[in-house]
Every structure is written in C-alpha cells, then in structure tokens.
Amino acid sequence: MPARNAKDCSPSDQRAAALKDAHLVQTKRGYRQKRGQFFVEGVRNYVRAVDTGFVLEHVFYSEKLLINPLARKLVRQGRRDGVPTLAVSPEEFRTLSITKRASGVAALVRQRWMPLRDVLPARHMCWIVLEQVQSAGNFGTLIRSSSAAGGAGFILIGPNVDPYAPAVIRAAMGSVFQQIFVRTHKEALQDWIAQTKSPVIGATPAARDDLHGFVCPERAPLLVLGEERKGLSKLQKGLCNHFVRIPMLEGTESLNLGVAGSLLLYEVHRQRYGAF
C-alpha cells in the first residue's frame, strides 16, 4: 500500500509528526540539513525571526505559558497568514524546550544561506572565515560580536561549521538573524578572493604585527580565525596575505574563538569608522 501523506493522517498523527520533526531538527544535524530548517525558542528569537523576514515553517505555542503580548499577537497574525501553527499543552511544550524556563513559543525556521557569488565585499565592513570551531557557545558569542560591531557575516569553508545548531542559536541570542552565512569550498573561495581582490587577514600568535599595529585595508577584509586548539589550518594560512597577533602577557593561554574574533572585529571597526 502507498504511504499516506500528511493530509490523510488523523489530527493526532499530524500533531505527533510535527512534534517529532521539531525534536529531530534540534537533535540531529543530518536531519536539520536535509530539511533546511532550524529550531528557535523564546520570545526574543521568535520576534527577531519574524522581524527579519525569515520563513516560519511551523510554530508551536502554549496558551498558558506564552504571556508576552507581542509574541501572542505575532502568533495569531502568522496563523491568519497561513503559517502552520500548533497549540500545545505546557507539558508538550516542555518536551521541546531546552531552556530552564519555558517561554511558550518556538518555531521551525527555514535556514538562510547566500551563495558566495552574490557576496559584494564593498558593501560591508568585514567578513569572518571559519573552517572548524571547537565550541558552539564560543561561535554563538562571535556571531553576537559580529552583529554588534558591524561585521557582515561568516564564510564557512567545508561542511563542519553549523551556524544553526541549537547551542549556537542559544548563545547568539537573536544575532543569527542579522548575519549572512555563506558555505563554500577552497577552490571557489580562492577564485572569489582573486576576483574581488579582497584582503585576507589571519590571526595567529606567530605573526609579527600585533592587533593594534597593522593598518586595516580600505577594502572589506576577510578575517580568518582558526580552531581554538590548533589555530589556523594549512588551508586557511594559504588564503591569507597578512597575519596579525593579539598581544598577551607571557604565559597566558590562547584566547577562545569568541574573544579573539571580537577583538579583531572591534579593531577593524575602530580603524574604519572610529569610536561608536
């Protein structure tokens, strides 16, 4: 017999399927990538997703838990506009929630990616280039810093970095909706750098110039950051035409991705635009 589609299922089956989808998008990266979705929870993230025009593919809310007037209004408005919306009990919502205090609203949101060919560096202050990250929380912090300092977003080399992982979304605190994400590979990025003549600056303790001693180029630079433990990879070093180091006292442990990247971002902003 052919499999039944969603319209043929009973309301209880559809409900169970929607809750299962939300759980799998949260917990299984392969499923998240296949569906092209990510999970957001909380009033801040939900409102940011709506305000920035992200596509909401399923909204979950608890009438008892959701007390924020704006979020309640947006849920009703989305439902009128045809957004699939599921009212759940507080107990059902808590099975989805990964926060200490369930806010009563969550959503499956369509991921947003920009092709590298559409990136116009002259329109932005800078970009950050990553190949690996050790800590999802530090990556989320870096997304917040990039948004705050005026960075355009992130160029991700290869498949390893997931900006839509729940831990990243949680640490970014809504800033993920204000950043551009590009996924590419080595050869395409090399060609694009040559075509756009973009300066590429790598951060490494071995650099001669320190953070405050280099002159930021007029063209929007690419800031290349390595994985916390290993630093810049061979691939990343090959992309760079300049290196800088963050000065630290002797014997100090290296800074994590979020801190190191934030310092670079604010130095670029200071040189290009002055103080905030």
Side-chain angles (χ1 to χ4, degrees), residues 29 38-42 44-45 48 52 98-100 111-112 124-183 200-207 209-212 214 216 220-233 235-237 239-240 243-249 251-273 275-276:
R29 184 182 177 187
F38 65 106
F39 180 84
V40 301
E41 178 185 356
R44 179 196 292 111
N45 281 329
R48 286 276 182 89
T52 51
I98 54 176
T99 63
K100 292 182 179 180
Q111 294 183 12
R112 184 183 288 178
H124 305 285
M125 182 184 85
C126 66
W127 291 81
I128 294 175
V129 179
L130 301 174
E131 185 183 9
Q132 293 271 9
V133 297
Q134 180 182 356
S135 166
N138 288 338
F139 182 27
T141 297
L142 184 56
I143 293 172
R144 289 175 64 189
S145 293
S146 181
S147 178
F154 295 79
I155 298 174
L156 308 175
I157 306 171
N160 295 319
V161 181
D162 181 8
Y164 294 116
V168 177
I169 299 295
R170 188 163 60 250
M173 296 185 68
S175 296
V176 70
F177 300 106
Q178 298 167 312
Q179 294 286 281
I180 301 169
F181 296 102
V182 177
R183 193 178 299 285
V200 187
I201 301 168
T204 174
D209 295 333
D210 72 32
L211 175 64
H212 307 297
F214 90 105
C216 183
L222 307 185
L223 306 178
V224 185
L225 300 174
E227 192 253 5
E228 286 100 320
R229 292 174 296 182
K230 299 178 181 178
L232 295 175
S233 69
L235 186 161
Q236 289 178 308
K237 289 178 181 177
L239 296 172
C240 299
F243 296 94
V244 297
R245 62 181 174 84
I246 297 173
M248 294 185 292
L249 294 176
T252 305
E253 291 291 334
S254 61
L255 302 174
N256 70 42
L257 180 72
V259 174
S262 298
L263 289 171
L264 284 169
L265 283 161
Y266 278 93
E267 179 61 21
V268 171
H269 187 281
R270 184 189 69 81
Q271 290 198 32
R272 296 196 72 171
Y273 306 119
F276 280 92

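Hydrogens, waters and symmetry mates are skipped; everything else that's a heavy atom, side chains included, is used.
Leu239 CG to Ile157 CD1: the interatomic distance, rounded to the nearest 0.5 Å, is 5.0 Å. Here the CE-NE2 distance, from Met125 to His269, works out to 6.0 Å after rounding to the nearest 0.5 Å. How far CE of Met173 is from CG of Asn45: 8.5 Å, rounded to the nearest 0.5 Å. Note that CD1 of Ile128 is 4.0 Å distant from CG of Leu142, once rounded to the nearest 0.5 Å.
Taking every heavy atom of both residues into account, Arg245 and Pro247 meet most closely at O-CD, 3.5 Å. Minimum interatomic distance between Ile169 and Phe39 (heavy atoms only, all atoms of both residues): CG2-O, 4.3 Å. Nearest heavy-atom pair, Pro166 versus Ile98, reported as atom, atom and distance to 0.1 Å: CB-CD1, 4.0 Å. Shown here for Val161 and Val133, the closest heavy-atom pair between the two residues is CG2-N, 4.2 Å. Scanning all heavy atoms of the two residues, the minimum distance from Leu225 to Ala203 falls at CD2-CB, 3.8 Å. Contact detail for Ala149 and Leu265: the closest heavy-atom pair is CB-CB, 4.1 Å.
Evaluation of the ring-ring contact (aromatic ring centres under 6.0 Å, His included) rule for His212 yields no partner, not counting sequence neighbours. By the side chain to side chain contact (heavy atoms under 4.5 Å, CB included) test, Cys216 is found to be paired with Phe214, Pro221, Val268, Gln271, Arg272, residues two or more places apart in sequence or in another chain being considered. With sequence neighbours excluded, the residues forming a side-chain hydrogen bond (donor to acceptor under 3.5 Å, both in side chains) with Gln111 are Trp113, listed by chain and number. Take Ala171 and apply the side chain to side chain contact (heavy atoms under 4.5 Å, CB included) test, not counting sequence neighbours, and it matches no residue. The salt bridge (charged side-chain N to carboxylate O under 4.0 Å, His left out) test applied to Glu227 returns Arg229, not counting sequence neighbours. Applying the side-chain hydrogen bond (donor to acceptor under 3.5 Å, both in side chains) rule to Thr52 yields no partners; only residues at least two apart in sequence or on another chain are considered. Qualifying side-chain hydrogen bond (donor to acceptor under 3.5 Å, both in side chains) partners for Asp210, counting only residues two or more places apart in sequence or in other chains: none.
Within the structure, no pair that satisfies the salt bridge (charged side-chain N to carboxylate O under 4.0 Å, His left out) test touches residues 130-139, not counting sequence neighbours. Under the ring pair (Phe, Tyr, Trp, His ring centres under 6.0 Å) criterion, the residue pairs touching residues 133-159 are Phe139-Phe154, Phe154-Phe181, with sequence neighbours excluded. Among residue pairs with one or both ends in residues 143-156, those qualifying as side chain to side chain donor-acceptor pair (under 3.5 Å) are Ser145-Ser262, Ser146-Gln179, Ser147-Gln178; sequence neighbours excluded. Sorted by first then second residue, the side chain to side chain donor-acceptor pair (under 3.5 Å) pairs that include residues 158-175, not counting sequence neighbours, are Arg32-Asp162. Under the salt bridge (charged side-chain N to carboxylate O under 4.0 Å, His left out) criterion, the residue pairs touching residues 256-271 are Glu267-Arg270, with sequence neighbours excluded.
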*side-chain contact (heavy atoms from CB on, under 4.5 Å) between Arg48 and Val40, intermediate numbers included*: CA-CA 10 Å; Arg48 286 276 182 89; Val40 301; over 6 Å; no
*Given Ser135 and Glu228, is the side-chain hydrogen bond (donor to acceptor under 3.5 Å, both in side chains) satisfied, shown in steps?*
CA-CA 8 Å; Ser135 166; Glu228 286 100 320; 5.1 Å; no
_Is there a side-chain contact (heavy atoms from CB on, under 4.5 Å) between Asn256 and Thr141? Walk through the geometry before answering._
CA-CA 10 Å; Asn256 70 42; Thr141 297; over 6 Å; no
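A side-chain contact (heavy atoms from CB on, under 4.5 Å) with Ile201 is found for exactly one of Val224, Leu223, Leu264, Val129, namely Leu223.
Proximity of a side-chain donor or acceptor of Ser233 to a complementary backbone N or O of Gln236 within less than 3.5 Å is detected.
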